[in-house]
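Data block below; observations after.
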Amino acid sequence: MSKLWGGRFEGKTDNLVEILGESVSYDSRLAPWDIRASIAHATMLGDCDIIAKAEVKKIIQGLKAIDKTIAAGEMTWDTAMEDVHTNIEAALVARIGDAGKRLHTGRSRNDQIATDMRLWMRDQIDAIIALLNELQGALITLAESHIDVILPGFTHLQNAQPVLFAHHLLAYVEMLARDTERFTQLRKRVNILPLGSAAMAGTPYPIDRKQVADLLEFDGISKNSMDAVSDRDHMIEFSAGASLIMMHLSRFSEELILWSSPAFGFVEIGDAFTTGSSIMPQKKNPDVAELVRGKTGRVYGDLTALLTLMKGLPMTYNRDLQEDKEALFDASDTVQLCLAVFTRMIPSIAIQRDAMAQATAEGFMEATDLADYLVMKGVPFREAHGIIGKIVLHCTQENTTLPALALPIYQRYSACFEQDVYQVLTPEAIVKRRDNPGGTAPRRVRAALKQARRRCGMK
Ligand code: ARG
């Protein structure tokens with residue numbers, strides 16, 4: 001098969017160059033979007049009287065038939081023909097003859113690939129937003145069914161203050177909501193048509209770019225042909241957004257790994273999402289969480305690859321740009337798989353409320369509230385902080401806890417302590433007092449859950 005661009009060449013391409021240059025082994029997945037864009041382009045060429053309507057009809061029928069062949073897995077992709085575009089064009093000419101040779105009028109593979117990628121990305125963004133929504137739904141459902149469960153909140157991974165388990169889960173819902181917002185905003189920037197920019201300077205044919213944009217449901221057309229064929233900002237934004245999603249999943253993974261360790265024992269992840277050990281019969285390992293945490297690094301790598309790819313490129317299209325695809329596909333596939341697996345894993349998690357309660361009794365998490373208690377009795381906060389610090393020290397030396405300490409001992413440290421001090425010392429009371437917007441009081445958490453439900457479009 002002679003090359004699409006073979007006219008001015010006399011010698012043959014080196015076979016290693018064919019291996020180096022081919023992209024069809026990974027860009028053939030763009031075929032459905034490539035064909036959709038070609039149908040819109042051909043329709044416009046016909047309507048603008050650039051090619052005959054009878055030929056347009058043949059082209060569209062041919063492209064639709066090729067689409068079916070590809071969907072059925074019956075297309076033979078030829079790496080000697082470089083990429084998805086050339087393979088499809090060659091298949092079209094083979095099928096319908098000379099009319100097929102007119103399809104590429106007024107366009108270049110440069111604006112063609114830019115268009116395909118935006119069409120493809122738009123669909124991936126929609127899929128990711130749907131997956132983010134489902135995961136938020138799973139977290140909300142888990143939170144709602146454990147609304148009264150309390151666990152230790154940490155700073156520095158040291159017991160800090162008790163919080164509602166639902167409040168903890170809602171922290172992840174917030175992260176995922178920001179991810180959704182990010183991809184929603186990105187979609188607007190992606191949804192601009194580059195086709196019509198041709199190689200880089202535009203085309204002399206009287207094309208109607210607006211018509212193509214409408215046919216392909218783009219919101220508008222690109223404003224500068226040189227930028228349009230070389231811009232890959234949206235791919236970097238996409239992989240940055242994917243990296244943030246992965247980072248959020250990775251942090252959650254880390255917590256699930258800690259929580260499911262017998263040292264914590266806060267949760268037990270379901271059998272379908274854990275694995276055993278080939279040597280230690282007792283093991284139930286949180287591999288899903290570990291793999292998601294591991295795959296986060298790989299998506300960061302994709303982002304780094306794209307940023308590095310772009311940094312030295314002069315205007316306009318450079319063949320380097322072909323290297324954008326594998327990184328982007330990988331970021332997209334990885335984030336979608338991880339979101340889907342996570343959404344399924346969440347309902348499998350059994351919450352061990354007793355272990356959480358036991359851990360909540362440790363680490364003197366009542367200390368802040370004891371200081372606040374003294375403040376209410378008129379002691380300046382800094383002074384109160386010092387007094388409670390001494391009481392905590394006393395407890396560690398006597399191997400006892402704050403709720404177990406007798407009133408006379410409290411009074412040894414401050415005359416302001418009275419019998420009502422014990423009322424502030426239960427985890428329920430501590431949680432209930434954090435009753436301001438964004439706080440962990442049950443009333444606030446219930447309201448936040450309701451709001452999150454609404455935001456996700458749940459009933
Ligand atoms: N396969 C190419 C890519 O992905 C399509 C554009 C080719 N353009 C060119 N001037 N060789 O970048």
Side-chain angles (χ1 to χ4, degrees), residues 1-9 11-14 16-38 40-41 63 66 70 75 77-93 103-124 190 193-203 212 222 224-236 238-239 302 305-333:
M1 178 69 74
S2 68
K3 296 267 186 264
L4 174 85
W5 37 258
R8 61 102 65 220
F9 288 80
K12 261 181 67 174
T13 310
D14 186 284
L16 281 182
V17 173
E18 285 192 342
I19 293 169
L20 179 73
E22 73 83 19
S23 58
V24 70
S25 58
Y26 50 85
D27 71 13
S28 61
R29 66 150 77 185
L30 293 172
W33 294 275
D34 189 74
I35 287 172
R36 191 176 165 204
S38 287
H41 179 68
L63 286 170
I66 293 168
I70 295 170
M75 174 86 167
W77 300 102
D78 182 359
T79 53
M81 276 188 288
E82 286 185 22
D83 54 26
V84 61
H85 323 294
T86 315
N87 271 270
I88 290 174
E89 197 180 312
L92 183 68
V93 174
L103 170 63
H104 211 56
T105 312
R107 81 174 181 189
S108 151
R109 279 186 295 163
N110 297 352
D111 59 346
Q112 191 178 354
I113 185 63
T115 302
D116 291 3
M117 291 299 271
R118 281 174 187 267
L119 285 172
W120 171 85
M121 190 187 285
R122 197 171 70 182
D123 287 351
Q124 307 317 306
V190 168
L193 175 78
L195 205 66
S197 305
M200 50 81 75
T203 170
V212 180
S222 57
N224 180 292
S225 61
M226 297 176 75
D227 178 45
V229 295
S230 63
D231 171 29
R232 298 293 184 269
D233 292 2
H234 50 293
M235 298 185 186
I236 293 172
F238 183 99
S239 43
D302 295 328
L306 288 170
L307 282 166
T308 312
L309 176 68
M310 293 307 293
K311 77 177 278 288
L313 293 189
M315 282 285 153
T316 53
Y317 180 86
N318 301 274
R319 191 64 182 275
D320 317 44
L321 292 175
Q322 182 164 296
E323 289 291 311
D324 60 5
K325 281 162 211 68
E326 283 168 294
L328 193 65
F329 293 162
D330 183 68
S332 178
D333 293 347

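Both counts, for ligands and for their atoms, begin at 1 and track the order of listing.
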* **M235 side chain reached by M310 side chain, heavy atoms, under 4.5 Å** => no

* Asked: Measuring from each atom of ligand 1, which residues have a heavy atom under 4.0 Å away?
  -> S23, D83, H85, R109, N110, I113, Y317, Q322, K325

* Count the heavy atoms of every other residue, nucleotide or ligand shown that sit under 6.0 Å from CD of Q322, and state whether that count exceeds 12. => yes

* To do: Go through H85 and D116 one step at a time and tell me if the side chain to side chain contact (heavy atoms under 4.5 Å, CB included) criterion holds.
  => CA-CA 10 Å; H85 323 294; D116 291 3; 3.2 Å; yes

* If you round to the nearest 0.5 Å, how far is OG of S332 from NZ of K325? -> 14.5 Å

* Asked: Which of parallel (below 30°), tilted (30 to 60°) and perpendicular (above 60°) describes F238 and W120?
  -> tilted

* To do: Please lay out, stage by stage, how N87 and D78 fare under the test side chain to side chain contact (heavy atoms under 4.5 Å, CB included).
  => CA-CA 7 Å; N87 271 270; D78 182 359; 3.7 Å; yes

